[in-house]
Number of protein chains: 2
Amino acid sequence: MTETRKTPTIQDVARFAKVSTATVSRALSSPDRVSEGTRARISEAIRVTGYTLNQAARSLRQRTAKTILVALPDIRNSFFSSILDAVEREATNRGYGVLVANLFLARTPAQRLQDYMLSNRADGLLLLDGSLDPGTLQALVRAPNSVPLVVACEEIPNSGFHTVLTDNVVAAERATRHLIDLGHRHIAHLLGPDHNVVARDRMAGYANALNRAGLAMRQQWLFRGNFDIERGFAAAAHFMSLSERPTAVFAANDESAIGFLSGLRQYGILCPRDISLVGFDDLGVAAHYAPPLTTMRQPRELIGRMAAEALIDILEDDDHQRAPLRIVLNSELIVRESTAHVPMRGQD
Amino acid sequence: MTETRKTPTIQDVARFAKVSTATVSRALSSPDRVSEGTRARISEAIRVTGYTLNQAARSLRQRTAKTILVALPDIRNSFFSSILDAVEREATNRGYGVLVANLFLARTPAQRLQDYMLSNRADGLLLLDGSLDPGTLQALVRAPNSVPLVVACEEIPNSGFHTVLTDNVVAAERATRHLIDLGHRHIAHLLGPDHNVVARDRMAGYANALNRAGLAMRQQWLFRGNFDIERGFAAAAHFMSLSERPTAVFAANDESAIGFLSGLRQYGILCPRDISLVGFDDLGVAAHYAPPLTTMRQPRELIGRMAAEALIDILEDDDHQRAPLRIVLNSELIVRESTAHVPMRGQD
DNA sequence: ACTGGTTGTGCAATCGATTTCAAGAGTTTC
DNA sequence: GAAACTCTTGAAATCGATTGCACAACCAGT
């Protein structure tokens, strides 16, 4: 009967194949160092016993978990889950597992990261959150038993961290300029979260575009947002309360753009008839929204893949010492139907 | 200097606190079994040395990884990422890590699962995919060194697996009946993937509703779909090619519903003016689409949380032996603006 | 003073793999 | 024919924690 049958170990295989455990181990990790006959016997023994490797034992001995930790602010956001998807794919190809940590509502994100990383569960950390306090991060990386880190989709200035990101400033400027090119002069910005690096960069690009076009930036045309649908929706009410309303809006991301449009619809404001709008990310739904959204497409899959590649490259480097990497990917303006020429009204 | 300073182990702590490693271990796992003074010295020693637990060593000794594996068909789909979010939260609360495996494009999903699970990386498996071959799964669970399994969002009939799901048949019937109640008699169904249990159940519910209303099901009104936007979009072309067009559609999920509406818009068919549509899931975007989607809301967070709870309960049971669990959660019809009374045209 | 119970601690085995070192067999080289 | 190599293999140490067992110290009850 199958009672108390324990999971087979390398010992069982060795016994069955009449070799030592050392030989079995070698047959698995470097088959060419074992003679053909022995190898065959071992294969057979593995098949018969149903042996599978105990990863914990290997990790202990090799001091390697073959696992990376991906920390994200919100898995539910399609932008992040796309990246996670690409990361998982790349990691899997290279024999790594992927642990996820959602920092979204952790009281102390840094604490959570510590708990994970520092316990040798993961060999490296892939950070996708632009809202973490740089100081905390620095401390985390400097800790005696810390772990290699790659930061994606955000940047911590002068930190020397390995980074993969898109050029948010340039892209935001491009998006805003698109509106200017369409004749808009009254352009608002639906902001991202307050202390988010990415949000700040996009805001900067927006400001740059206005500056270069000689347009003034108005405080009341900076709508508070949070990269999510709800705050975008709420911003519509604010929009309606304005004495002077903009004719166009650059939203910090697609989610908030969608919320914003949805909110405006309640007031009978239609896009692009009454207002033009540019989003950011090009989520899957953007092309299929009503109207299809003009947006800056970020190469999400590429970001994820390159970040994972970079991290694993570092891990497999002997020393984990590489010159700080900084990969900047380009975003692309996708013009759809949410932007139109400014309606005629005698404006210059 | 910090050169060659290795990460501190329990040995270092023991030496510093002048106790044995056994005592340190106990101080960490069951503090009340060591005296107060000793405990204080150990705390101090841990602080000074910067010690953190090596999870691999613990896993090896305790034969427990404190990790669960979540297998999903497509992380990018907001439905799954929401569930994953809830799972991660629950798991974290209970001290478990979460590994993700995206089965989306794995050649041999079963193989991938094996690789993971059977290597003692994860203590349990949470399966969120309705498209896996039941036979393969059975084999997987029966394997000598397999791992407890909880299946969510799908059901494998008579398998005896622990299951958390929503009653898709009833919910789909309810959704379809909503259309019937609005006077529709020509109701199509935008299908899910071919071999998906969930898709099949929703189709069954659709069929039930038609039957009970005495309406015939027409083959050409079953639009092929894949739970994704693209296939929904493609279905619109099929719709246009029909000699006799339905006045309403029940879509197997919100993503395909959105794609479908987007496709129809290209042909000037507007919802709800020309067609009514019910989706399934109530994704975040559903309430903010144009028009806001009528849909069956699935309690995603609840599904995720309960599934994770169930799995961890089983893991922490002594024997991992529990009577097969079957939790059925209710979906809720959310009526929004994508459904309307059938347009007058002299139909009865 | 002896028994029985509780408490706090240490010794040493253990989990299952990898890896260093050494050794035996066979092969090449001069 | 000896030295030098290569190719296979095994014995045993090792990774860092946990835990069964033993034992000493202390206390209470008779």
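Letters A, B, ... are given to chains in the order of the sequence lines, protein chains preceding strands, and every chain is numbered from 1.
A donor-acceptor pair under 3.5 Å is formed between the side chain of A/Arg121 and the backbone N or O of B/Ala65.
Looking at heavy-atom distances under 4.0 Å, B/Ser59 makes no contact with the nucleic acid at all. Across all strands shown, B/Arg26 has heavy atoms under 4.0 Å from base atoms, whether or not it also approaches the sugar-phosphate. A/Val19 comes within 4.0 angstrom of sugar-phosphate atoms only, judged by non-hydrogen atoms across all strands, and of no base.
Here D/dC21 presents its C1' atom at 12 Å from CZ of B/Arg33, a figure rounded to the nearest Å. As rounded to whole Å, 7 Å separates atom P of C/dT18 from atom CG of A/Leu28. Look at CD on A/Gln55: it is 14 Å from C1' on D/dC15, rounded to the nearest Å. Here D/dG16 presents its P atom at 18 Å from CZ of A/Arg58, a figure rounded to the nearest Å. Rounding to whole angstrom units, CZ of residue B/Arg61 and P of D/dC15 are separated by 17 Å. For the pair B/Ile10 CD1 and D/dG16 P, the computed distance is 11 Å after rounding to whole Å. In this structure, B/Arg121 atom CZ and C/dA17 atom C1' are separated by 14 Å, rounded to whole Å. Taking atom CZ of B/Arg39 as the reference point, atom C1' of C/dT7 lies 13 Å away to the nearest angstrom.
Phosphate proximity of D/dG16 to B/Thr9: absent, as no side-chain N or O sits under 4.0 Å from OP1 or OP2. The phosphate of C/dG16 has neither OP1 nor OP2 within less than 4.0 Å of any side-chain N or O from A/Tyr51.
The two residues B/Ile68 and B/Ala122 have their closest heavy-atom pair at C-CB, 4.1 Å. In terms of heavy-atom proximity, A/Ile83 sits nearest to A/Ile303 at CD1-CG2, 4.2 Å.
Relative to the side chain of B/Ala57, the nucleotides D/dA17, D/dG10, D/dT9 differ in distance, and D/dA17 lies closest. Residue A/Gln62 has its side chain nearest to C/dT19 when only C/dT19, D/dT9, D/dC15 are considered. Of the candidates D/dA17, D/dG10, D/dT9, D/dT9 carries the atom nearest the A/Ser35 side chain, counting heavy atoms from C-beta on. Side-chain proximity of B/Thr38 to D/dC15, D/dA11, C/dG8: nearest is C/dG8. Set against C/dG10, C/dG16, D/dT8, the side chain of B/Thr23 has C/dG10 as its closest nucleotide.
The pair B/Arg89-B/Glu309 does not meet the salt-bridge criterion, since no charged nitrogen lies less than 4.0 angstrom from a carboxylate oxygen. Here A/Arg305 does not pair with A/Glu301 in a salt bridge; the nearest charged N to carboxylate O distance is not below 4.0 Å.
Judged by closest nucleotide on DNA chain C, B/Lys18 is the one of B/Lys18 and B/Leu60 placed further toward the 5' end. Both B/Ser20 and A/Thr21 lie near DNA chain C, and the one whose nearest nucleotide falls closer to the 5' end is B/Ser20.
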